[in-house]
Amino acid sequence: MLDKIKQTDPEVYELIEAEIARQKGGLEMIPSENHTSSSVLEALGSRLTDKYSEGYPGKRYYAGNQVIDKIENLAINRAKKAFSVPHANVQVYSGSPANTAVYLAVCELGDKVMGLDLPDGGHLTHGWKINISGRYFKRVPYHVKEDGYIDFEEVRALAQEHKPKLIWCGATAYVREFPFEEFAKIADEVGAYFVADIAHIAGLIIAGAHVSPAPYAHIITTTTHKTLRGPRGAMIMVTERGLEKDPELADKIDAAVFPRGVQGGPHNHQTAAIAVALGETMTPEFSEYGKQIVANAKALAAALIDKGVKLVSGGTDNHMMLVDLTKYGVGNGIFVQEALDMAGITVNKNTIPKDPGSPFYPSGVRIGTPAITTRGMKEKEMEQIAGWIAAIIEEVKDYQLPKGKEARAAYLKEFDDATSKNETILSIKKEVTQLAENFPLPQ
Ligand code: DSN
């Protein structure tokens with residue numbers, strides 16, 4: 001597949017090969033990552049990338065879009081079928097532009113918007129203070145309770161008090177099922193748009209492993225590269241309820257993506273790859289895959305708890321879990337992330353609710369099962385992986401993050417030197433590589 005680039009640009013070729021080797025030899029356990037099929041990769045690497053197609057099928061600003069129109073319509077129709085919605089925009093470059101387009105479609109500058117607070121697992125684009133969503137709109141964040149579930153008393157009270165224009169439900173780090181119906185009731189009580197951001201769980205919804213927001217939300221946004229297992233990209237969908245609330249909502253969303261928003265020409269290779277990925281979701285295999293992601297996450301969570309690892313909310317309903325490291329110190333997610341990476345297990349440091357650390361130095365790590373489930377791993381492997389994760393946490397639990405930028409940099413360097421020679425981590429790395437080699441990336 002890389003024959004040509006090997007001859008013309010060996011420097012880039014070597015780097016691509018190195019990344020493929022890294023993926024093959026380790027376990028990708030960042031919950032938002034996955035391994036796409038070769039068919040998706042072929043569509044991404046196709047000539048479709050050469051074409052300009054501003055506008056929408058049948059209404060383009062450039063000639064020569066006869067084929068592109070068919071491709072985009074195919075992706076749209078597959079998205080509509082997969083999520084049971086009457087309208088889908090498949091041109092959005094990625095998740096953050098998708099969410100930004102929603103604001104542009106239904107809000108005016110300064111309108112109040114409600115979303116789960118970032119440290120509690122919410123997304124930057126749901127109203128975080130440094131993001132456009134928190135700077136140009138008035139943020140009204142809601143939170144999770146001590147038990148890790150969304151605090152609905154707070155959601156209702158805030159909604160009644162502030163009468164927001166828009167309420168988000170969705171997260172980057174939330175381990176329980178999203179109660180879309182309850183959100184819809186509250187949004188209706190105050191006349192707000194209810195937007196479900198299903199980026200993390202889109203594949204689970206199609207597989208029937210998570211409830212769908214389609215009967216409840218007005219608008220649904222999603223990325224296409226997480227549990228959906230497609231290329232990097234995104235979609236915005238309008239539901240029947242959305243069209244009942246505002247018959248022009250679909251047109252407003254399309255216009256917000258292009259030409260009113262942040263986008264120019266659509267990435268046609270990406271659109272074709274989204275169509276391919278959506279086609280792959282309409283199979284019994286994908287339905288089994290989605291259910292296995294959750295079964296694996298539950299097995300991994302149970303095994304970790306059994307080994308003394310504390311999880312936010314005490315488990316998971318979906319594809320991810322959040323390890324709470326506060327019993328060992330503040331801001332120590334970095335040590336666990338780096339040590340696991342050294343052993344070939346890739347996770348990410350993440351804030352946990354009421355984190356005493358910061359978003360850059362949080363006191364938790366986020367772990368997910370979509371990519372390793374794509375490789376065919378099941379409950380048996382989760383038990384083994386839990387043992388490695390617990391052992392590595394134990395190995396680095398005494399490291400404490402110093403205050404001050406320079407002191408931290410020096411300490412992290414010392415930490416890296418020590419962990420790269422740590423016998424336990426080196427021996428786990430060998431076992432991880434062996435397991436990874438037994439479960440190849442998809443063909
Ligand atoms: N970067 C995504 C995630 O990892 O959840 C959110 O944008």
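Start at 1 with the first residue, then count along the sequence. Remember, it's 1-based here, ligands and their atoms both numbered in the order they're listed.
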Q) Under 3.5 Å, N or O to N or O, is S32 touching ligand 1 that way? A)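 Between S32 and ligand 1, an N or O pair is found under 3.5 Å apart.
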
Q) To which protein heavy atom is atom 6 (C) of ligand 1 closest, and what is the distance rounded to 0.1 Å? A) T172 CG2, 3.3 Å

Tell me whether [X] is salt-bridged to [Y], with the criterion being a basic N under 4.0 Å from an acidic carboxylate O.
X	Y	value
D117	R139	yes
D246	K252	yes
E383	K307	yes

Q) Do you see a protein non-hydrogen atom under 4.0 Å from atom 1 (N) of ligand 1? A)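 Answer no: nothing from the protein, no heavy atom, is under 4.0 Å.
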
Q.
Only heavy atoms of H123, strictly under 4.0 Å: list the atoms of ligand 1 that pass.
A.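 Selected atoms, number and element: 6 (C), 7 (O).
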
Q | Per-atom contacts of ligand 1 with H200, taking only distances under 4.0 Å to non-hydrogen atoms | A | 3 (C), 5 (O)

Q. When you check the side-chain N and O atoms of Y174 and N318, is any donor under 3.5 Å from an acceptor?
A. no

Q.
If we count only N and O atoms by modelled type, under 3.5 Å, do the side chains of Q292 and E379 hold a donor and an acceptor together?
A. yes

(Q) Is R366 close enough to touch ligand 1? Criterion: a residue heavy atom under 4.0 Å from a ligand atom. (A)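 It does, in that a heavy atom of R366 comes within the 4.0 Å cut-off of ligand 1.
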
